[in-house]
Number of protein chains: 2
Amino acid sequence: MGAAAQRAAEESEEWAGVTPDAARRLVSAAVEAFAERGYHATTTRDIAGRAGMSPAALYIHYKTKEELLYRISGIGHEKALRIMGAAAEAEGSATDRLRDAVRTFARWHAEHHTTARVIQYELQALSPEHYTEIAGLRRSTDRLLRQIIQDGADSGEFRADDVPGTTLAVLSLCVDVARWFSADGPRTPDEVGALYADLVLRMVGAQ
Amino acid sequence: MGAAAQRAAEESEEWAGVTPDAARRLVSAAVEAFAERGYHATTTRDIAGRAGMSPAALYIHYKTKEELLYRISGIGHEKALRIMGAAAEAEGSATDRLRDAVRTFARWHAEHHTTARVIQYELQALSPEHYTEIAGLRRSTDRLLRQIIQDGADSGEFRADDVPGTTLAVLSLCVDVARWFSADGPRTPDEVGALYADLVLRMVGAQ
DNA sequence: GCCGCCCCTAAGCGCTTGCTCACCAGCCAG
DNA sequence: CTGGCTGGTGAGCAAGCGCTTAGGGGCGGC
């Protein structure tokens with residue numbers, strides 16, 4: 001299976017863990033709607049309509065509209081964390097690991113820009129308890145990236161005077177891909193990943 | 001007047017162009033509310049309340065809630081454009097101009113992070129006509145930054161293989177400051193500006 | 001004194017929102 | 001056949017929304 005075909009399969013299976021089928025259709029419809037108009041501008045009638053159901057059917061599978069956002073945020077942030085974790089735990093120099101981390105992380109935010117937009121920009125709509133939980137996942141992702149950059153600074157591969165600041169900038173750069181990326185635009189997710197990996201390696205003085 | 005005092009004065013005069021006083025208080029209240037909860041989650045009652053008025057008073061000064069967002073977006077984006085323009089039209093090498101552009105642009109997004117958050121992340125709530133108008137201001141800002149980077153690439157100061165892509169990344173980096181910056185955080189706006197100018201100069205291979 | 005003007009408020013209209021409730025079709029086990 | 005369980009529907013409730021309208025207080029000019 002080629003890389004493109006593999007990612008297409010991942011796309012269709014993005015919500016494979018959500019069962020039964022009706023619950024998965026609702027999640028998928030909600031992601032579309034939230035990404036397009038934002039959480040607060042999306043109505044439960046709109047979500048149910050996109051999933052081909054009556055408004056009341058939503059409440060068989062989810063207690064509230066916020067629970068839908070919570071599920072989406074949880075699954076999405078766990079996926080993002082796994083991507084960062086795979087790069088951080090790989091063998092290789094800090095340069096190799098940082099290149100891989102930025103390439104895959106930025107590429108995911110481009111490829112899944114609808115999901116990414118929701119999980120990165122609609123966080124404030126979560127309940128305080130759910131927000132706290134999701135914020136923990138974000139901190140884990142942050143820590144993994146910071147460790148790669150710290151390793152490179154320690155080994156002398158990178159020239160990074162301010163490791164936390166640089167980490168913040170790199171993460172911000174990758175996350176913001178979700179805001180501007182469009183499938184109709186001139187760049188493919190692969191190209192975005194390659195460009196960003198290149199820019200970030202220069203940022204840390206690795207080339 | 002010191003730099004900090006000068007910026008404090010700018011802060012209080014951010015909406016000085018809006019008259020009469022009641023209209024200015026409403027704009028100021030709306031920016032706070034929109035930044036905190038988002039446009040759609042903010043009610044006209046909330047805005048009026050923060051401005052110390054009854055809900056109906058809002059409609060004496062603005063035809064709709066959307067018009068408030070439109071005014072805020074217009075003033076904010078014009079300010080951002082002027083900041084970028086001042087750096088672009090200054091004397092000096094491309095390196096000097098890029099450093100200045102990123103430092104002032106990123107600093108503004110930190111210092112005025114409430115306003116910046118509204119104008120950068122609530123654009124989709126504008127009417128189509130207003131959105132088109134504001135998008136023009138954004139394109140102007142983009143062009144100014146791209147020209148600086150192009151100049152540096154042409155003169156050999158920068159090593160930028162993909163000028164539009166690099167421009168996009170730099171702009172994205174600066175704009176996203178508005179999302180994560182907090183006045184309670186460990187960094188001052190000046191420090192963010194200095195850090196980001198440094199990182200971006202490395203990104204384009206100028207150091 | 002009083003008129004006209006500007007700015008504001010109390011009350012509320014029509015509508016949409018998130019969510020509920022009474023009810024029901026299909027299906028599988030006994 | 002029947003009874004219960006799963007997953008659905010149509011109708012609608014209470015609350016909150018953006019916005020309107022009728023009316024009033026204070027102020028300057030005559």
Side-chain angles (χ1 to χ4, degrees), chain A residues 15-73 118 122-131, chain B residues 15-73 118 122-131:
Chain A
W15 309 109
V18 182
T19 54
D21 185 68
R24 181 168 45 249
R25 265 157 50 220
L26 282 165
V27 163
S28 190
V31 169
E32 260 183 56
F34 291 163
E36 214 169 273
R37 308 137 103 95
Y39 175 83
H40 287 292
T42 299
T43 68
T44 54
R45 285 162 178 80
D46 183 22
I47 297 168
R50 285 178 197 241
M53 308 178 198
S54 74
L58 194 153
Y59 293 90
I60 295 165
H61 302 282
Y62 302 96
K63 275 206 295 278
T64 63
K65 175 175 137 181
E66 192 267 350
E67 195 194 328
L68 257 169
L69 179 64
Y70 171 59
R71 294 284 178 93
I72 292 164
S73 293
V118 174
E122 302 292 336
L123 280 177
Q124 54 159 10
L126 289 169
S127 73
E129 308 83 55
H130 287 163
Y131 179 85
Chain B
W15 309 109
V18 183
T19 53
D21 186 67
R24 180 168 48 248
R25 264 158 49 222
L26 283 165
V27 163
S28 191
V31 168
E32 259 184 56
F34 291 163
E36 213 169 274
R37 306 137 104 95
Y39 175 82
H40 287 292
T42 300
T43 69
T44 55
R45 284 162 178 83
D46 182 22
I47 297 169
R50 286 177 196 243
M53 308 180 197
S54 76
L58 194 153
Y59 294 90
I60 295 164
H61 301 282
Y62 302 95
K63 275 205 296 280
T64 63
K65 177 176 135 181
E66 191 267 351
E67 195 192 330
L68 257 169
L69 179 63
Y70 171 59
R71 293 284 178 93
I72 292 164
S73 293
V118 174
E122 303 292 336
L123 281 178
Q124 55 159 10
L126 289 169
S127 73
E129 308 83 55
H130 287 163
Y131 179 85

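Chain letters run A, B, ... following the sequence lines, proteins first and then strands; every chain starts at 1. Values below: every heavy atom of this structure, side chains too, minus hydrogens, waters and symmetry copies.
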Residue pair [X] / [Y], side-chain heavy-atom distance below 4.5 Å:
| X | Y | answer |
| --- | --- | --- |
| A/His61 | A/Val27 | no |
| A/Tyr70 | A/Thr64 | no |
| A/Arg37 | B/His40 | no |

Row check, B/Tyr39 ring normal vs B/Lys65 NZ/CZ: under 6.0 Å, within 45°:
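Ring-cation test returns yes.
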
Can you tell me how far [atom2] of [N] sits from [atom1] of [X], to the nearest Å?
| X | N | atom1 | atom2 | value |
| --- | --- | --- | --- | --- |
| A/Lys65 | C/dC19 | NZ | C1' | 12 Å |
| A/Asp46 | C/dC19 | CG | C1' | 16 Å |
| B/Tyr59 | D/dA22 | OH | P | 18 Å |
| B/Met53 | C/dC6 | CE | C1' | 14 Å |
| B/Leu58 | C/dC8 | CG | P | 11 Å |
| B/Ile60 | C/dT9 | CD1 | C1' | 8 Å |
| B/Arg24 | C/dC7 | CZ | P | 14 Å |
| A/Lys63 | C/dC19 | NZ | C1' | 14 Å |

Spell out yes or no: do the side chain of B/Arg45 and the base of D/dG18 have one donor N/O and one acceptor N/O closer than 3.5 Å?
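Between D/dG18 and B/Arg45, which were checked side chain against base, a qualifying N/O pair under 3.5 Å is present.
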
Output field dot_bracket for DNA chain D (Watson-Crick or G-U, both distances under 3.5 Å, | for other-strand pairs) contains ||||||||||||||||||||||||||||||

Phosphate OP1/OP2 of [N]: any [X] side-chain N/O under 4.0 Å:
| X | N | result |
| --- | --- | --- |
| A/His61 | D/dT6 | no |
| A/Thr44 | C/dG18 | yes |
| B/His40 | D/dC17 | no |

Which nucleotide in the set C/dC8, C/dG18, D/dT21 lies at the smallest distance from any side-chain heavy atom of A/Thr43?
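Shortest atom-to-atom distance from the side chain points to C/dG18.
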
Considering only side-chain heavy atoms of A/Ala22, which listed nucleotide, C/dC19, C/dT9, D/dG8, is closest?
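Selected nucleotide (nearest to the side chain): D/dG8.
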
Out of curiosity, B/Glu36 CD to B/Asp46 CG, how far, rounded to the nearest 0.5 Å?
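These two atoms lie 8.0 Å from each other.
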
Any chance you could measure B/Leu126, atom CG, to B/Leu69, atom CG, to the nearest 0.5 Å?
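Here the rounded value is 4.5 Å.
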
Does any N or O in the side chain of A/Arg24 come within less than 3.5 Å of the main-chain N or O of A/Val18, such that one atom is a donor and the other an acceptor?
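Looks like yes, one N/O pair under 3.5 Å.
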
